[in-house]
Amino acid sequence: MKNVEIIGTGSCVPERIVTNDELSTIVETSDEWISTRTGISERRISLGENTSDLAAKAALEALKDSKLEAKDIELIIVATTSPDSYVPSTACIVQGLIGASNAACFDISAACTGFIFALNTAAQYIKTGVYKTALVIGAEVLSKIMDWKDRNTCVLFGDGAGAAVLRAGEEGIMNTYMASDGINGREFLRCFAAQNKNPFMLESLDVKDKITMNGKEVFRFAVKVMVDSIEKVLEAAQSNIEDIDYIIPHQANIRIIEFVAKKLKIDMSKFFINLNKYGNTSGATIPIALDEMNKQGLLKRGNKVIFIGFGGGLTWGSVLVKWTI
Ligand code: ACO
């Protein structure tokens, strides 16, 4: 069976910066509250670009970085909670925008764990020899589905996209782990799609088609599953935390990451953090962080890196990668 290497990365965030102070003119909040509770200082908000627009720009950058052309891609998976449309998939729209004429395309819905699920799915196709080259994208325009009157949520999220090109190789992805709990936790973080109001129904439900969240429950869940996810991939790869050069966590809240660092007795310098600049971009946080690390030259060939995601569903998971560029 083949292995799977990451051979290029890209990212794209909207130009418009919205600071905490600016948010305090929309809802009753303050820079002090947001930064001390979350670590977020500002986020990028789309002024009209849709999820596929950001995704396509990130994809083109990743293709350039990998020195491949769009027609070399055989599979495109977009992880998103904020697709452009029910039909077509955002992946098909990206295919059209970048001209990836030889790719099969579909979306994955796993909230903030989406990029981990998409990476793992693409890796399975490559490992089994079905495809050699895949493009995996995490992309969100969450500002479409925010309740801009709800200070519990609207201060936390942002828009953006990140992408990675995967190719069959000798080394690379060492282990993956995915998990879900739709039994106990599906109501903690929610955004309904259109509800059925067909003419044959006697009455229809009116539900909220914007994000709602039980922040305290998500916080508790996040700390627990981040620790579990790190331990699971290390165990499966027969590695220990001292062998790991970097951890790229889902960027939701600095306090969650600090709790995890304390619990596992890991120095905070092992975690790459950029949530202060972008807030929580859901499925896009990990590939944006990965691209920033790659572009800043932080990742050296042979480095071992863990990506960890957690989010609505509930979903969580991790990937252990040996960096090969
Ligand atoms: N500004 C000012 N006050 C606020 C704000 C705000 N933006 N938001 C809430 N408050 C108030 C609350 O109303 C509450 O007031 P009250 O005591 O009068 O009722 C008070 O601040 C304290 O609220 P808490 O909920 O106790 O604040 P907490 O310390 O738990 O922090 C937070 C809230 C930041 C949401 C935290 O719980 C958290 O980070 N949870 C995890 C969220 C997360 O990671 N979500 C992403 C999941 S990934 C995905 O799939 C999308």
Side-chain angles (χ1 to χ4, degrees), residues 18-43 51 79-83 108-118 138-160 178-182 185-192 208 210-227 229 248-260 271 273 275-276 278-289 307-318:
V18 175
T19 62
N20 292 345
D21 280 335
E22 199 171 352
L23 276 184
S24 72
T25 64
I26 298 173
V27 285
E28 201 182 323
T29 189
S30 64
D31 176 45
E32 202 267 334
W33 194 96
I34 302 170
S35 38
T36 54
R37 299 284 174 130
T38 69
I40 300 165
S41 304
E42 58 190 41
R43 69 285 296 139
T51 303
T80 186
T81 302
S82 48
I108 276 185
S109 165
C112 302
T113 324
F115 185 75
I116 300 284
F117 277 44
E140 306 284 2
V141 175
L142 295 171
S143 56
K144 293 186 294 191
I145 54 169
M146 295 315 312
D147 176 351
W148 289 100
K149 291 193 177 78
D150 178 11
R151 67 177 183 175
N152 291 295
T153 51
C154 76
V155 303
L156 304 175
F157 297 97
D159 301 333
M178 301 196 300
S180 307
D181 183 3
R186 65 183 183 276
E187 288 175 5
F188 293 162
L189 213 157
R190 174 157 247 176
C191 179
F192 283 97
K208 189 163 172 175
K210 299 281 182 275
I211 289 180
T212 56
M213 182 179 69
N214 181 333
K216 279 199 195 326
E217 287 292 355
V218 175
F219 197 104
R220 249 193 298 274
F221 146 77
V223 174
K224 180 179 176 302
V225 301
M226 278 180 77
V227 171
S229 302
I248 304 184
H250 170 48
Q251 313 275 321
N253 185 323
I254 192 71
R255 283 162 54 221
I256 293 175
I257 300 167
E258 285 167 352
F259 261 85
V260 172
F271 291 88
I273 289 155
L275 62 88
N276 51 312
Y278 306 123
N280 179 350
T281 57
S282 191
T285 69
I286 294 170
I288 292 174
F307 310 154
I308 326 168
F310 63 87
L314 299 166
T315 55
W316 63 101
S318 50

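Start at 1 and go down the list; that is how both ligands and their atoms are numbered. If you read the sequence from its start, that first residue is 1, and numbering goes on from there.
Residues Asn20 and Ser35 are in side-chain contact: their nearest non-hydrogen atoms beyond the backbone lie under 4.5 Å apart. In this structure, the side chains of Trp316 and Asp181 come closer than 4.5 Å at one or more pairs of heavy atoms. Side-chain atoms of Arg43 and Ile34, non-hydrogen and from C-beta on, do get closer than 4.5 Å to each other. Annotation: side chain of Ile288 is not in contact with side chain of Gln251 (no heavy-atom distance under 4.5 Å). With a 4.5 Å cut-off on side-chain heavy atoms, Met146 and Phe157 count as touching. Contact annotation: the side chain of Ile257 approaches that of Ile273 to within less than 4.5 Å [non-hydrogen atoms, C-beta and beyond].
Between Ala110, Ala111, Ala222, Gly215, it is Gly215 that holds the heavy atom closest to atom 37 (O) of ligand 1. Which of Phe157, Phe221, Trp33, Trp316 comes nearest to atom 4 (C) of ligand 1 through a heavy atom is settled by distance: it is Trp33.
Summary of contacts: the protein heavy atom closest to atom 47 (C) of ligand 1 is Leu189 CD1, 3.4 Å. Nearest protein heavy-atom contact of atom 6 (C) of ligand 1 is Thr29 OG1, 3.3 Å. Counting protein heavy atoms only, atom 26 (O) of ligand 1 is closest to Lys216 NZ, 2.3 Å. The single protein non-hydrogen atom nearest to atom 45 (N) of ligand 1 is Met213 SD, 3.2 Å, given as residue, atom name and distance. Atom 43 (C) of ligand 1 has Val218 CG1, 3.7 Å as its closest protein atom, hydrogens excluded (heavy atom only). Counting only heavy atoms of the protein, atom 48 (S) of ligand 1 lies nearest to Cys112 SG, 2.8 Å. With hydrogens left out, the protein atom closest to atom 13 (O) of ligand 1 is Arg151 NH2, 3.1 Å, a heavy atom.
Side-chain polar atoms of Ser82 and Glu140 form a donor-acceptor pair below 3.5 angstrom. A donor-acceptor pair shorter than 3.5 Å cannot be found between the side chains of Thr19 and Glu42.
Checked against Cys154 for a side-chain contact (heavy atoms from CB on, under 4.5 Å), the options Val27, Ile211, Thr29 give a single hit: Val27.
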Practice task
Take Glu217 and Arg220 through the test salt bridge (Lys or Arg N to Asp or Glu O under 4.0 Å) and record every step on the way to the result.
Solution key: CA-CA 5 Å; Glu217 287 292 355; Arg220 249 193 298 274; 3.5 Å; yes
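Ligand 1 places these atoms under 4.0 Å from at least one heavy atom of Val155: 7 (N). Within the listing of ligand 1, atoms 34 (C), 38 (C), 39 (O) sit less than 4.0 angstrom from a heavy atom of Asn253. Close contacts of ligand 1 with Gly311, meaning ligand atoms under 4.0 Å from a residue heavy atom, involve 48 (S), 49 (C), 50 (O). Residue Gly312 approaches ligand 1 through these ligand atoms, each under 4.0 Å from one of its heavy atoms: 49 (C), 50 (O). Residue contact check: Asn280 has heavy atoms under 4.0 Å from atoms 46 (C), 48 (S) of ligand 1. Ligand 1 places these atoms under 4.0 Å from at least one heavy atom of Asn152: 8 (N), 9 (C). The ligand atoms of ligand 1 that sit less than 4.0 angstrom from a heavy atom of Ile256 are 44 (O). For ligand 1 and Ala252, the ligand atoms under 4.0 Å from any heavy atom of the residue are 44 (O).
In this structure, atom 40 (N) of ligand 1 has protein heavy atoms in its sub-4.0 angstrom surroundings. There is no protein heavy atom less than 4.0 angstrom from atom 32 (C) of ligand 1. Under the 4.0 Å distance rule, the nearest protein heavy atom to atom 18 (O) of ligand 1 falls outside the cut-off.
For ligand 1, none of its N or O atoms has an N or O atom of Thr38 under 3.5 Å away. At under 3.5 Å, not a single nitrogen or oxygen of Ser282, backbone or side chain, sits near a nitrogen or oxygen of ligand 1. By the 3.5 Å distance cut-off applied to N or O atoms, Arg37 is counted among the residues near ligand 1.
Between Phe271 atom CZ and Ile308 atom CD1 the span is 6.0 Å, to the nearest 0.5 Å.
Residue contacts with ligand 1 for Thr81 are absent, since no atom lies close enough (heavy atoms, distance under 4.0 Å). At a heavy-atom cutoff of 4.0 Å, ligand 1 is contacted by the backbone of Glu28 but not by its side chain.
Counting heavy atoms of neighbouring residues, nucleotides and ligands inside a 6.0 Å radius, atom NZ of Lys224 does not exceed 12 of them.
The shortest non-hydrogen separation linking Ile248 to Ala289 is CG2-CB, 3.6 Å.
Between Phe310 and His250, the ring planes are perpendicular. Angles over 60° get that label, and only those under 30° would be called parallel.
Within the 3.5 Å criterion, the main-chain N or O of Asn253 finds no donor-acceptor partner in the side chain of Asn280.
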